[in-house]
Amino acid sequence: MSSQTSSVIVLGTGSYVPDRIVTNDDMAKIVDTSDEWIRTRTGISERRFAADDEATSDLACAAGARAIEAAGIDRSEIDLIIVATMTPDMPFPSTACLVQSKLGLPNVCAFDVQAACSGFVYTLGIANAMLLSGNFNKALVIGAEKTSPILDFEDRTTCVLFGDGAGAVVLSRSDVPNVGILGALGGSDGSDPSLLHQPAGGSAIPSSTESLAARQHFLKMNGKEIFKQAVRVMGKASADILEQQGFDSSEIDLVIPHQANMRIIDSLAKRMKIPMEKFHNNLDRYGNTSAASVGIALDEAYRAGRIQSGDLLLLVAFGAGLTWASALIKWQ
Ligand code: ACO
């Protein structure tokens with residue numbers, strides 16, 4: 001185990017999901033699917049879709065405000081905001097800058113991280129390093145997504161999988177060694193972006209009437225291949241962070257995995273030899289909220305009393321890119 005002279009701890013957690021519940025039966029009215037197919041193939045029963053006038057920054061602000069309240073600090077103490085998202089309000093400025101203004105945070109460095117569904121865990125590692133550098137004191141880390149506008153409601157293989165929401169934490173430097181974020185890592189393989197992508201709207205395929213007509217502004221996915229890769233990289237990211245920090249999987253108290261598919265989480269549990277009772281899952285209620293999923297699950301688990309002082313938590317995610325990331329947290 002690496003020994004630290006100072007640490008980065010979680011001061012508070014928060015999350016937000018939109019009010020509108022969309023059940024599998026509701027989806028079956030839009031595409032040729034069924035509650036039975038979605039539940040048995042994915043574990044999802046329902047998801048939340050944001051209102052037309054609710055942007056990703058609004059979801060992010062609601063979760064962020066709850067995390068700040070839980071941290072019990074004055075919001076002016078925050079000097080760093082990082083928002084992980086693949087569905088920003090607009091290509092620029094960053095969603096983090098919009099959150100800075102909407103939450104009224106006076107002196108902050110603000111930027112977005114694009115690592116798709118791995119974004120929240122990637123961002124924990126980035127914020128951890130920035131706080132340990134000594135240049136920042138308190139960070140607001142948010143994973144937020146409004147996936148609903150990029151879903152193709154003519155493609156049953158993708159539109160039933162995703163939902164909207166946001167999860168957040170306030171991180172702080174602490175003088176107590178060896179607590180909080182013990183370590184974090186991220187990986188990538190960009191050799192086949194078409195596995196999961198939104199083809200148009202960037203510099204490769206700028207928005208045009210042709211790109212709109214070809215439905216290239218919607219999320220496209222090779223689900224079968226992503227599934228295989230996900231099982232592999234979730235296992236690798238988990239094993240690598242445990243080895244890096246000198247722990248055995250039997251020492252983990254709670255796993256917060258990215259919520260994409262229950263069968264992927266089942267495979268991870270078997271591979272890591274960690275019983276399912278040690279996983280916190282909410283996929284059934286929210287579907288895959290991409291960069292928000294780990295943050296929402298962490299907040300839920302904490303508020304449900306599933307995380308106690310001294311507990312060892314494994315956070316692990318994968319996403320488009322491909323990307324993958326993991327973090328170990330010893331709860332303070
Ligand atoms: N309803 C009914 N039938 C469907 C649906 C649906 N919603 N979707 C697909 N089917 C059909 C297919 O057309 C196919 O029919 P066919 O045999 O007649 O051709 C059949 O069901 C089986 O399809 P598969 O694609 O083989 O189904 P599979 O068991 O692989 O499950 C799924 C598909 C759920 C997408 C799975 O592959 C998966 O979860 N993959 C990983 C996806 C993922 O995790 N994505 C998130 C990445 S994170 C990020 O960065 C956003």
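In what follows, every heavy atom counts, from backbone to side chain, and hydrogens, waters and symmetry copies are set aside. Here, residue 1 is the first one in the sequence, and each next residue gets the next number. Just follow the structure's listing: the first ligand is 1, and inside any ligand the first atom is 1.
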Practice task
Verify side-chain contact (heavy atoms from CB on, under 4.5 Å) between I226 and L322, making sure each step is shown before the conclusion.
Solution key: CA-CA 9 Å; I226 287 278; L322 294 176; 3.6 Å; yes
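- For atom 43 (C) of ligand 1, the closest heavy atom belonging to the protein is I226 CG2, 3.6 Å.
- Under a 4.0 Å criterion applied to the non-hydrogen atoms of F162, ligand 1 contributes the atoms 51 (C).
- Contact check on R20 versus E54 returns no salt bridge, with no Lys/Arg side-chain nitrogen under 4.0 Å from an Asp/Glu carboxylate oxygen.
- Of the N or O atoms in G223, one or more lie within a sub-3.5 Å distance of an N or O in ligand 1.
- Shortest contact from atom 35 (C) of ligand 1 to any protein heavy atom: L161 CD1, 3.9 Å.
- Remark: among candidates T33, V160, T87, the nearest residue to atom 6 (C) of ligand 1 is T33, based on non-hydrogen atoms.
- In the vicinity of H258, heavy-atom distances shorter than 4.0 Å reach the ligand 1 atoms 48 (S).
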Exercise for the section: Go through the steps for F49 and D26 under the test side-chain contact (heavy atoms from CB on, under 4.5 Å), then give the verdict. Expected result: CA-CA 12 Å; F49 284 162; D26 293 329; over 6 Å; no
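- The distance from ligand 1 to the heavy atoms of G319 drops below 4.0 Å at these ligand atoms: 48 (S), 49 (C), 50 (O).
- Within 6.0 Å of CG in D248 there are more than 12 heavy atoms belonging to other residues, nucleotides or ligands.
- Looking at S290 next to ligand 1, no N or O pair under 3.5 Å apart turns up.
- Interface atoms of ligand 1 facing R41, defined by a heavy-atom separation under 4.0 Å, are 28 (P), 29 (O).
- At the top of the distance list for atom 45 (N) of ligand 1, counting protein heavy atoms only, stands M221 SD, 3.2 Å.
- One finds a salt bridge joining K228 and E225 here, because a Lys/Arg side-chain nitrogen approaches an Asp/Glu carboxylate oxygen to under 4.0 Å.
- The ligand atoms of ligand 1 that sit less than 4.0 angstrom from a heavy atom of C117 are 48 (S), 49 (C), 50 (O), 51 (C).
- Close N/O approach between S34 and ligand 1 is not found [any backbone or side-chain N/O within under 3.5 Å].
- Regarding atom 14 (C) of ligand 1, its nearest protein heavy-atom neighbour is R156 NH2, 4.7 Å.
- Annotation: the span from I181 atom CD1 to S174 atom OG amounts to 11.5 Å, rounded to 0.5 Å.
- The contact set between ligand 1 and N261, taken as ligand atoms under 4.0 Å from a residue heavy atom, comprises 34 (C), 38 (C), 39 (O).
- Protein non-hydrogen atoms do reach within 4.0 Å of atom 50 (O) of ligand 1.
- By heavy-atom distance, the residue among A260, A320, A115 lying nearest atom 44 (O) of ligand 1 is A260.
- Taking the charged nitrogens against the carboxylate oxygens, R306 and D253 have no contact shorter than 4.0 Å, which rules out a salt bridge.
- Only the side chain of L196 comes within 4.0 Å of ligand 1, judged by heavy-atom distances.
- Distances from atom 16 (P) of ligand 1 to the protein include no heavy-atom value under 4.0 Å.
- When Q259, E36, R263 are ranked by how near their heavy atoms come to atom 31 (O) of ligand 1, first place goes to R263.
- If you check which protein heavy atom lies closest to atom 27 (O) of ligand 1, you get W37 CZ2, 4.0 Å.
- Using 4.0 Å as the threshold, I264 has a heavy atom nearer than that to some atom of ligand 1.
- If you number the atoms of ligand 1 from 1 as listed, the ones under 4.0 Å from a heavy atom of A116 come out as 50 (O).
- When each atom of ligand 1 is checked for a heavy atom of F318 under 4.0 Å away, the hits are 44 (O), 47 (C), 48 (S).
- Closest to atom 24 (P) of ligand 1, if we only count protein heavy atoms, is K224 NZ, 3.9 Å.
- Taking only nitrogen or oxygen atoms, main chain and side chain alike, N288 does not reach within less than 3.5 Å of ligand 1.
- Criterion: ILVMFWY side-chain heavy atoms under 4.5 Å apart, direct or through other members. Under it, M86 and M90 are not part of a common hydrophobic cluster.
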